[in-house]
**Q** 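Have a look at the structure that comes next, please.
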Number of protein chains: 2
Amino acid sequence: MESRCENCIIRQFNSLRAMSKEELKQVSDTKTTKIIKKGESLFEEGDKLNGVYCVRNGVSKLSKLSANGKDQIVKLASKGEVLGQRSVISQEITNLSAVAVNDMEVCFIPKDSITNTLQKNPNFTLEVLRHIAHDLKEADDVIVNISQKTVKQRMAEAFLYLQNNFGEDADGFLALTLSREDISNVVGTATESAIRIISEFKKKGLIHTSGKKIGIKDERKLLEVVEGF
Amino acid sequence: MESRCENCIIRQFNSLRAMSKEELKQVSDTKTTKIIKKGESLFEEGDKLNGVYCVRNGVSKLSKLSANGKDQIVKLASKGEVLGQRSVISQEITNLSAVAVNDMEVCFIPKDSITNTLQKNPNFTLEVLRHIAHDLKEADDVIVNISQKTVKQRMAEAFLYLQNNFGEDADGFLALTLSREDISNVVGTATESAIRIISEFKKKGLIHTSGKKIGIKDERKLLEVVEGF
DNA sequence: CTAAAAATATGATATTTATCAGTAATTCGT
DNA sequence: ACGAATTACTGATAAATATCATATTTTTAG
């Protein structure tokens with residue numbers, strides 16, 4: 001038997017915890033679990049979404065393509081996050097693409113269970129609202145960072161962000177390994193520039209690398225870079 | 001007698017239209033109307049907000065100060081928009097400052113009327129959710145624009161945005177007049193750079209100016225600049 | 001295991017943008 | 001209306017960043 005949402009721990013991290021037993025039962029009855037391999041996409045910018053994706057495992061990058069062909073990564077979503085919410089709420093096509101950064105396990109929840117609950121259960125709606133409000137605040141911060149900080153500052157910030165949000169492995173490397181291109185798309189810069197700054201940070205002893213893996217060596221100095229020293 | 005929310009047209013443009021008669025009555029009984037002069041602030045980054053502001057007239061810039069002392073304008077809010085919603089919902093201090101760009105008339109609505117309704121009226125909550133979701137989508141667009149477009153492209157885009165959202169006056173100038181500094185803070189660039197590009201656009205016949213007023217002369221060519229030609 | 005492909009790295013250079021310095025124009029308070 | 005203060009503008013220069021070219025390393029497919 002497939003696992004039931006009622007027993008799913010992941011739910012505690014997102015707005016689904018505000019659903020009633022019956023609502024949750026309906027979600028569980030209609031949901032499907034999917035395995036998404038690294039590099040595959042959950043949905044593409046412009047798609048009409050018929051539901052939301054609840055992340056059980058793995059990480060997805062949410063990005064938007066610009067006219068010049070470069071992707072800007074707007075958010076990295078991991079365990080517990082619900083993707084596609086915004087699009088389902090506004091009943092608009094999605095403005096972002098979601099691509100797996102590593103192998104993922106997600107639950108697809110058809111939109112009806114969501115929209116029905118949104119209309120009937122104010123606790124759930126409020127909970128979703130709180131999450132979206134939080135995302136909005138973070139987006140505002142990103143705007144200010146990108147427009148006011150140098151690439152070097154944003155690179156340092158990105159490493160600290162990855163450390164805080166995804167942790168480190170046994171060998172002291174960031175647990176989430178991104179390609180140099182993905183890093184540059186998070187930071188909003190050219191891939192070559194990102195690589196150059198990685199080299200510089202390495203030379204200065206702020207980080208260490210092994211292949212594409214990156215580890216933080218001197219958190220204090222990285223923070224100083226973020227602050228502009 | 002002061003005007004009542006029940007009769008207020010502005011309400012049709014925002015989430016307050018989803019309130020019931022009784023809820024609206026309570027809002028009306030507790031609200032206060034304020035005049036905010038150009039340059040004065042509704043609230044400052046870091047303030048704890050005791051309510052939201054419903055804009056009846058005038059325009060407010062929502063901005064965030066960065067470490068280097070420059071403001072980044074994240075949004076321009078005018079008639080019908082409700083400011084401070086996000087902060088009240090998350091019960092956090094506000095992450096933005098709201099300053100009047102011209103003389104404003106706003107209604108201050110104490111947060112209790114809002115939070116009570118959020119917990120009881122799912123229609124209202126859903127309506128607020130839709131608005132915040134829309135803001136989030138716009139914020140994502142801003143992120144991509146800032147990181148992927150040149151200053152020149154963003155300047156052209158800003159003028160078209162001002163035209164679309166605030167219209168033109170009888171003489172063909174943008175109805176919302178911003179200082180050069182404000183323009184540079186919307187676009188996310190140095191004031192001198194913004195001025196330089198204004199001069200260039202003027203020389204090329206894309207815009208015309210009179211004092212600080214700016215008018216669009218060749219919309220098509222401006223659009224071409226946005227697209228990168 | 002190996003050749004091909006992809007990703008990473010680095011140098012040289014061009015372009016974009018910011019900063020500094022100074023002048024002209026406009027706005028504001030009395 | 002007048003001087004002071006702010007805002008707008010322009011030039012010279014410096015700094016940041018992107019782009020192009022190319023080499024090296026790593027990964028992938030067969």
Side-chain angles (χ1 to χ4, degrees), chain A residues 37-40 66-72 101-103 145-158 173-174 177-204 207-215 225-226 228-229, chain B residues 37-40 66-72 99 101-103 145-156 158 173-174 177-203 207-215 225 228-229:
Chain A
K37 290 237 184 70
K38 175 178 175 175
E40 290 178 359
S66 71
N68 64 37
K70 285 207 68 177
D71 252 354
Q72 173 67 34
V101 168
N102 43 37
D103 293 350
N145 270 342
I146 290 196
S147 82
Q148 307 285 11
K149 290 188 179 157
T150 65
V151 173
K152 212 175 286 183
Q153 288 176 296
R154 276 141 52 203
M155 284 288 291
E157 203 160 39
F173 291 107
L174 294 172
T177 303
L178 295 175
S179 71
R180 303 295 194 253
E181 191 181 358
D182 278 344
I183 293 175
S184 75
N185 289 342
V186 167
V187 168
T189 189
T191 306
E192 296 96 321
S193 299
I195 290 173
R196 239 179 273 278
I197 289 170
I198 289 172
S199 301
E200 189 193 324
F201 283 179
K202 206 160 76 174
K203 232 175 260 166
K204 290 188 180 160
I207 61 175
H208 56 115
T209 70
S210 166
K212 50 171 41 180
K213 281 187 288 184
I214 292 174
V225 171
V226 174
F229 294 111
Chain B
K37 291 236 184 71
K38 175 178 174 174
E40 289 177 359
S66 70
N68 64 38
K70 286 207 69 176
D71 251 353
Q72 173 67 34
V99 174
V101 168
N102 44 37
D103 292 351
N145 271 341
I146 291 196
S147 81
Q148 307 284 11
K149 291 188 179 159
T150 65
V151 173
K152 213 176 283 182
Q153 288 176 297
R154 275 140 54 200
M155 284 289 291
F173 292 107
L174 294 171
T177 304
L178 294 175
S179 70
R180 301 297 195 250
E181 192 181 357
D182 278 343
I183 293 175
S184 76
N185 288 342
V186 167
V187 168
T189 190
T191 308
E192 296 97 319
S193 299
I195 290 173
R196 240 178 273 277
I197 289 170
I198 290 172
S199 301
E200 187 191 325
F201 284 178
K202 207 160 77 174
K203 233 174 257 167
I207 61 175
H208 56 114
T209 70
S210 167
K212 52 171 41 181
K213 280 188 290 186
I214 293 174
V225 172
F229 294 111

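Every chain is numbered from 1, with letters handed out A, B, ... down the list of sequences.
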**Q** Taking for each residue the nucleotide of DNA chain C bearing the nearest heavy atom, is the 5' side occupied by A/Ser147 or by A/Leu178?
**A** A/Leu178
**Q** Whole angstrom is fine here: how far is it from CE in A/Met155 over to P in D/dA18?
**A** 11 Å
**Q** Measuring only between side-chain heavy atoms, which start at C-beta, is A/Met155 closer than 4.5 Å to A/Ile183?
**A** yes
**Q** For nucleotides 24-30 of chain D, just jot down a letter per nucleotide in 5' to 3' order: B, S or -, based on protein non-hydrogen atoms under 4.0 Å.
**A** -------
**Q** Starting at CD of A/Gln153 and ending at P of D/dA16, how long is that distance when rounded to a whole Å?
**A** 10 Å
**Q** How about A/Val187 and A/Lys149: do any of their side-chain heavy atoms sit closer than 4.5 Å?
**A**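 Heavy-atom side-chain distance check fails, nothing below 4.5 Å.
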**Q** For the pair B/Gln72 and B/Ile146, evaluate side-chain contact (heavy atoms from CB on, under 4.5 Å) and give the outcome as yes or no after the intermediate values.
**A** CA-CA 11 Å; B/Gln72 173 67 34; B/Ile146 291 196; 4.0 Å; yes
**Q** Look at A/Thr191 and C/dT8 and indicate whether a side-chain polar atom (N or O) is within less than 4.0 Å of OP1 or OP2.
**A**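 Checking C/dT8 against A/Thr191, no side-chain N or O comes under 4.0 Å of OP1 or OP2.
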**Q** Please name the pair of heavy atoms, one in A/Gly215 and one in A/Phe173, separated by the smallest distance, quoted to 0.1 Å.
**A** N-CD2, 3.5 Å
**Q** Report the C-alpha distance between A/Phe201 and A/Val225 in whole Å, list the side-chain angles of each, state the deciding distance to 0.1 Å, and finish with yes or no for side-chain contact (heavy atoms from CB on, under 4.5 Å).
**A** CA-CA 10 Å; A/Phe201 283 179; A/Val225 171; 4.1 Å; yes
**Q** Of the options D/dA8, C/dT17, D/dA18, whose atoms approach the side-chain atoms of B/Arg180 most closely?
**A**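 When the side chain of B/Arg180 is considered, D/dA8 is the closest of D/dA8, C/dT17, D/dA18.
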**Q** Find the distance A/Asn185:CG to D/dA18:P and express it as a whole number of Å.
**A** 12 Å
**Q** Of all the heavy-atom pairs spanning B/His208 and B/Lys202, show the shortest one and how long it is.
**A**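 Closest pair (atom of B/His208, atom of B/Lys202, distance): CA-CG, 4.5 Å.
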**Q** Check the distance between D/dA16's P and A/Lys149's NZ and give it to me in whole angstrom.
**A**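 About 16 Å, once rounded to whole Å.
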**Q** Evaluate the side-chain proximity of A/Asp182 to A/Val186: yes if any heavy-atom separation is below 4.5 Å, no if none is.
**A**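 Contact flag for A/Val186/A/Asp182 side chains = no.
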**Q** Which residues within residues 193-204 of chain A lie with some heavy atom under 4.0 Å of an atom in DNA chain C?
**A**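 Heavy-atom contacts with DNA chain C come from A/Ile195, A/Arg196, A/Ser199.
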**Q** If you draw a 6.0 Å radius around NZ in A/Lys70, do more than 12 non-hydrogen atoms from other residues or ligands fall strictly inside?
**A**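 Yes, the 6.0 Å shell around NZ holds more than 12 heavy atoms from other groups.
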**Q** Taking five pairs at each end of the helix from C/dC1-D/dG30 to C/dT30-D/dA1, what angle separates the two helix axes (nearest 10°)?
**A**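 The angle separating the two end axes equals 60°.
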**Q** Where is the tightest heavy-atom contact between A/Glu157 and A/Asn145, given as atom of each residue plus distance?
**A**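 Closest pair (atom of A/Glu157, atom of A/Asn145, distance): OE1-ND2, 3.2 Å.
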**Q** State whether the distance check finds a donor on one side and an acceptor on the other, under 3.5 Å, for side chain B/Glu192 versus base D/dC9.
**A**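 A donor-acceptor contact between them is absent.
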**Q** How long is the line joining NZ of A/Lys213 and P of C/dA9, in whole Å?
**A** 14 Å
**Q** Whole angstroms only, please: what is the CG-C1' distance between B/Asp182 and D/dT7?
**A** 12 Å
**Q** Rounded to whole Å, please give me the gap between CD in A/Glu181 and C1' in C/dA6.
**A**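 After rounding, the gap between these two atoms is 11 Å.
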**Q** Return the minimal non-hydrogen interatomic distance between B/Lys213 and B/Thr177, and the atom names on each side.
**A**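 Minimum heavy-atom contact is CG-OG1, 3.7 Å.
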**Q** Using only atom types and a distance under 3.5 Å, with no angle test, would you say the side chain of B/Arg180 pairs donor to acceptor with the backbone of B/Lys212?
**A** yes
